[in-house]
A.B. asks: 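Sending over a structure as C-alpha cells; questions will come in a sec.
Index from 1, following the sequence.
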Amino acid sequence: MDDARQAPAPRSPADRRHNLFEAAAAYVAACVDDDYERSAEAARWVSPEALSFGVNELACRAVIALARERGESPQAVARTLLGLPAS
C-alpha cells in the first residue's frame, strides 16, 4: 500500500480541535471553580471573539432554562442572578 492511500494517523487528545461551545463550557466551568489555568487553556482553544459568542450563548441558554424551571421571565431570572432589584 503506498503512502497516498494510508489513513491519517489518529490525533492525540491534545491535538484535537475544540469548537466554540466546548471552549465556552470549559471556560465558564473553570471560572466558577476559580481555576485560572483551566480557564486560560480553554480561552486558547478558539479566538477571543468565538469565546465571547460561546459564553454569551451559554448565558442565554442557562437563563432560559432557569426561567422555565422557575416559571419566571428570563429578565427576572437574569436580574436575580446578577443581584439586581426587580424592575
A.B. asks: So, Arg79 side chain and Leu84 main chain: donor-acceptor pair closer than 3.5 Å or not?
C.D. replies: no

A.B. asks: Holding to side-chain contact (heavy atoms from CB on, under 4.5 Å), I want the full list of residues that pass it with Leu20, two or more places apart in sequence or in another chain.
C.D. replies: Val46, Ala50, Phe53

A.B. asks: Please report, to 0.1 Å, the donor-acceptor pairs under 3.5 Å made by any side chain of residues 59-75, with sequence neighbours excluded.
C.D. replies:
| from | atom 1 | to | atom 2 | distance (Å) |
| --- | --- | --- | --- | --- |
| Arg61 | NE | Glu57 | OE2 | 3.0 |
| Arg61 | NH2 | Glu57 | OE2 | 3.4 |
| Ser73 | OG | Ala76 | N | 3.0 |

A.B. asks: Mind checking salt bridge (charged side-chain N to carboxylate O under 4.0 Å, His left out) for Asp33 and listing every partner two or more places apart, or none if nothing turns up?
C.D. replies: Arg38

A.B. asks: Taking all atoms of both residues into account, what is the closest heavy-atom pair of Arg17 and Glu22, and its distance?
C.D. replies: O-OE1, 4.2 Å

A.B. asks: Using 0.5 Å steps for rounding, measure from the CG atom of Leu58 to the CZ atom of Phe21.
C.D. replies: 9.5 Å

A.B. asks: Could you pull out the closest heavy-atom pair between Ala42 and Ala26, with the gap in Å?
C.D. replies: CB-CB, 3.8 Å

A.B. asks: Which heavy atom of Ala30 sits nearest a heavy atom of Ser39, and at what distance?
C.D. replies: CB-N, 3.4 Å

